Amino acid sequence: MKIISFCSYPSVWHFAFAEAAIAYELKKKGHEILFITPGYHLGHRSRLMHERTLRKQFDLPGYDIGAILTAEDMREINSIITTSDRKQIESLTIDGVAIGRIALYETLLHSKKMNLDFSETEWAKCLADVRSTLESFFACRRILEKERPDSILMYNALYSVNRVWERYADLKGIPAYFLHHGLNLSDMDNTLIIAKTNTMEYFKRLKQIWPAVKDTPSPATDLSYVTDHFLTLLTAKHFLVYSSAKAKDTDIRRFFGVSSGQKIITATMSSYDEMFASQYVGARKLPSDLLFASQTEWVAALIEWVRQRPELFLVIRVHPREFPNKRDPVKSEHVKTLEAKLRDLPANVRVNWPNDDLSLYDLAQETDVFLNAWSSVGVEMSLLGLPVVIYSGELVLYPSDINYLAASRADYFTQIDAALSDGWRYERIRKTYRWLSLYYCKPIVRFRDGQRAGETDPVLSTTAPVPLAGQSRLRKIYKILPIPKQMRSFLQDMRKKKGLVRECGTQRKMDIDTGALENMLRSSGDTLVDIKAILERGSDQKAEDAGLHLELRRLYKAMYGIEPEVGHAPMTSLQNKLRTAILNP
């Protein structure tokens with residue numbers, strides 16, 4: 001097969017290295033690989049040292065897009081940028097590809113916006129992205145016409161410079177596949193998801209696969225792998241975890257002033273930026289018949305319902321991503337609306353703001369029912385046996401049958417009462433582990449081993465770090481010698497490059513199993529999931545139960561710091577339920 005690997009973000013070594021590793025392995029297997037890079041184009045995404053290192057170390061044939069973009073292309077791009085106003089940019093479509101909309105994806109995401117009201121500073125960033133997206137698109141047209149590949153690989157096809165390739169390739173009947181590091185936080189640096197089109201379509205396909213495999217018990221290795229992810233979540237050290245770490249002795253009832261007779265309902269809100277950005281660029285479509293038109297409307301309805309139910313206590317948890325956090329310093333527009341709305345609340349309603357420094361797992365200790373908009377909370381809490389109610393099965397990126405799903409507004413509140421009545425269930429844990437076995441274990445390629453779960457965001461630190469020993473030696477040299485700043489930068493780059501070359505050398509020794517990947521590419525398949533293999537290799541329920549009890553022990557010890565056999569008083573509601581399930585299987 002002839003495969004184009006479009007490495008559009010060499011500035012982020014984490015992305016580019018993964019793309020090059022897969023391209024190298026496919027080349028070893030006899031496929032014709034073209035490794036396409038930005039060169040001097042695509043703005044901040046370009047990093048010549050990285051792309052040259054990867055091309056040389058993995059011996060990848062190809063070229064940068066500057067080799068195919070013509071002077072005429074660049075004149076047309078400049079003309080579009082300089083003569084178009086905002087409305088014209090936003091509606092810009094070329095050859096059936098909505099380039100203007102697609103180009104705004106990153107700015108919408110990073111600015112946490114819910115509309116297109118850009119400041120001058122934000123619009124300047126938009127124009128830079130429009131230029132890069134146009135460069136990528138014009139290069140894509142010429143490259144696909146010249147090379148006529150069988151398929152295309154690129155990292156995260158939602159990024160603007162990649163999405164135009166995915167859209168144009170689709171129009172030309174060429175399968176485009178995205179790569180993305182695995183979703184298990186404990187192991188994501190060692191694994192890759194590779195699937196057709198983009199992540200939104202990928203999640204839909206997993207949900208479609210679920211009915212075929214949900215009755216198949218999960219093997220012990222899968223169960224353990226799922227737990228590894230949650231143990232990483234609990235530490236709250238990973239750069240993708242926005243919540244605080246679970247506290248040791250936080251009394252949620254005392255913290256919020258909940259009386260002993262009240263049942264706690266926690267409504268977990270979701271961040272709007274990712275939803276709005278993916279919807280705007282056409283990667284996601286919102287259902288037209290949502291029970292609540294917005295999260296603000298949803299929360300307002302909950303407040304009024306709970307106002308008439310003094311036996312209940314509602315905690316509204318605002319998503320930590322909406323506020324400045326360790327990934328970005330921006331406060332979302334949605335939060336500004338919420339801060340104005342969530343005032344003068346009834347006595348049995350409180351808001352959990354991020355500065356409360358409470359973990360979701362602190363709230364789980366006493367919450368009777370969780371209410372979820374569309375975040376991963378619906379899965380995380382179900383894995384602990386807690387009931388979760390949702391108001392849309394299409395908004396969530398997991399199967400709705402893991403939760404309670406409402407059919408109407410009136411039914412939504414009926415479902416909450418049903419969840420309160422049903423309470424904690426062990427079978428809920430089993431079903432959630434089975435879903436996560438599919439979600440984390442089946443659609444991945446393991447492309448290396450031994451990388452530690454990341455505590456540093458690879459997008460913010462765009463290159464491999466200089467080893468600490470090397471940093472120390474460089475600091476000593478700088479103290480002794482009056483080395484100019486430019487020379488210092490050069491020396492640091494050379495040391496970094498040495499580390500990158502070493503990493504490539506280690507990777508070349510790896511033997512990646514690409515059998516499933518090659519089969520998918522040959523057949524133009526959607527995912528790496530092999531339903532037949534899941535059904536044939538599934539465990540039996542007795543073995544699954546034994547494995548689940550081992551995993552519950554691991555979770556229990558991580559959350560409470562003791563084995564379940566050890567007496568501990570007082571216990572939280574969740575702790576008591578988990579302990580009983582472990583000791584009385």
Side-chain angles (χ1 to χ4, degrees), residues 108-109 111-117 200 242 256 263-280 284-310 312-323 331-354 356 360 363 367-378 381 387-398 400 403-420:
L108 289 172
L109 203 59
S111 302
K112 300 182 181 178
K113 299 191 77 67
M114 294 171 57
N115 56 52
L116 300 178
D117 184 18
M200 294 298 106
Y242 297 96
F256 289 113
K263 289 192 173 183
I264 299 175
I265 297 173
T266 297
T268 54
M269 304 190 74
S270 303
S271 58
Y272 261 115
D273 54 340
E274 292 172 313
M275 175 70 77
F276 179 71
S278 60
Q279 181 191 4
Y280 181 73
R284 194 168 189 188
K285 190 176 285 188
L286 285 183
S288 58
D289 56 349
L290 283 175
L291 304 187
F292 304 97
S294 67
Q295 288 188 97
T296 306
E297 183 180 302
W298 169 54
V299 167
L302 285 172
I303 291 170
E304 291 309 307
W305 183 69
V306 170
R307 192 190 297 272
Q308 310 303 319
R309 301 283 297 269
L312 302 178
F313 194 99
L314 174 64
V315 176
I316 302 167
R317 180 175 172 84
V318 179
H319 199 291
R321 180 183 161 88
E322 302 263 41
F323 284 79
K331 188 177 187 178
S332 77
E333 293 176 346
H334 183 225
V335 159
K336 297 168 188 174
T337 303
L338 287 177
E339 288 174 329
K341 295 282 186 182
L342 297 177
R343 295 176 180 171
D344 303 320
L345 299 171
N348 61 339
V349 178
R350 290 290 182 274
V351 180
N352 169 210
W353 300 103
D356 290 338
L360 178 65
L363 295 172
T367 293
D368 294 280
V369 172
F370 276 89
L371 311 177
N372 187 35
W374 58 79
S375 79
S376 60
V377 167
M381 296 301 100
V388 180
V389 183
I390 54 176
Y391 60 83
S392 171
E394 293 181 63
L395 286 180
V396 294
L397 301 178
Y398 57 86
S400 59
N403 298 160
Y404 293 74
L405 174 63
S408 65
R409 270 213 188 198
D411 185 51
Y412 181 71
F413 297 103
T414 300
Q415 292 295 329
I416 296 175
D417 278 327
L420 285 167

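Quantities reported herein were computed from a predicted structural model and do not represent experimental measurements.
Side-chain N or O atoms of Asn348 include none that pairs as donor or acceptor with a backbone N or O of Leu314 at under 3.5 Å. At distances below 3.5 Å, not a single donor-acceptor pair connects side-chain atoms of Thr367 with backbone N or O atoms of Val369. Panel note: side chain Thr268, backbone Leu371; a donor-acceptor pair is recorded below 3.5 Å.
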Between Ile316 and Leu342, is the side-chain contact (heavy atoms from CB on, under 4.5 Å) condition met? List the steps.
CA-CA 9 Å; Ile316 302 167; Leu342 297 177; 4.1 Å; yes
Between Leu302 and Ile265, does a side-chain contact (heavy atoms from CB on, under 4.5 Å) hold up when you go through it step by step?
CA-CA 10 Å; Leu302 285 172; Ile265 297 173; 5.9 Å; no
Start with the C-alpha gap between Lys263 and Leu420, add the side-chain angles, then the distance that decides, and say whether side-chain contact (heavy atoms from CB on, under 4.5 Å) holds.
CA-CA 8 Å; Lys263 289 192 173 183; Leu420 285 167; 4.0 Å; yes
Just do the side-chain contact (heavy atoms from CB on, under 4.5 Å) check on Asp417 and Arg309 with the steps written out, would you?
CA-CA 11 Å; Asp417 278 327; Arg309 301 283 297 269; 3.0 Å; yes
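For the pair Ala373 and Ser270, the tightest heavy-atom approach, listed with the atom from each and the gap, is CB-OG, 3.5 Å. Taking each heavy atom of Tyr398 and Ser375 in turn, the nearest pair found is CE2-O, 3.7 Å. Of all non-hydrogen atoms in Phe292 and Ala301, the two that sit nearest each other are CE2-CB, 3.7 Å. Residues Val389 and Ala419 share a closest heavy-atom pair of CG2-CB, 3.9 Å. The shortest heavy-atom contact between Glu394 and Pro287 is CB-CG, 3.6 Å. Taking every heavy atom of both residues into account, Met269 and Val299 meet most closely at CE-CG2, 3.7 Å.
In this structure, the separation between CD1 on Ile264 and CG on Leu363 is 8.5 Å, given to the nearest 0.5 Å. With values rounded to the nearest 0.5 angstrom, Lys341 atom NZ is found 10.5 Å from Ile303 atom CD1. Distance check, rounded to the nearest 0.5 Å: OG of Ser376 to CG of Leu397 gives 9.5 Å. Atoms CE and CD, from Met275 and Gln295 in turn, are 8.0 Å apart once rounded to the nearest 0.5 Å. A distance of 7.5 Å separates CZ of Phe256 from OG1 of Thr266, quoted to the nearest 0.5 Å. How far CG of Asn372 is from CD1 of Ile390: 7.5 Å, rounded to the nearest 0.5 Å.
Counting heavy atoms from C-beta outward, Ile416 and Leu312 have side chains that stay 4.5 Å or more apart. Val388 has its side chain out of reach of Val377: every pair of non-hydrogen atoms, C-beta onward, lies at least 4.5 Å apart. By the 4.5 Å heavy-atom criterion applied to side chains, Trp374 and Ser392 are not counted as neighbours.
Between Trp298 and Tyr391, the ring planes are tilted. Angles from 30° to 60° get that label.
Using modelled atom types, one finds no donor on one side chain facing an acceptor on the other under 3.5 Å when comparing Ser400 with Asn403.
Residue pairs that meet the salt bridge (Lys or Arg N to Asp or Glu O under 4.0 Å) test with at least one member in residues 296-306, sequence neighbours left out, are Glu297-Arg409, Glu304-Arg307.
For Asn352, the side-chain hydrogen bond (donor to acceptor under 3.5 Å, both in side chains) partners are Arg317, Asp356, not counting sequence neighbours.
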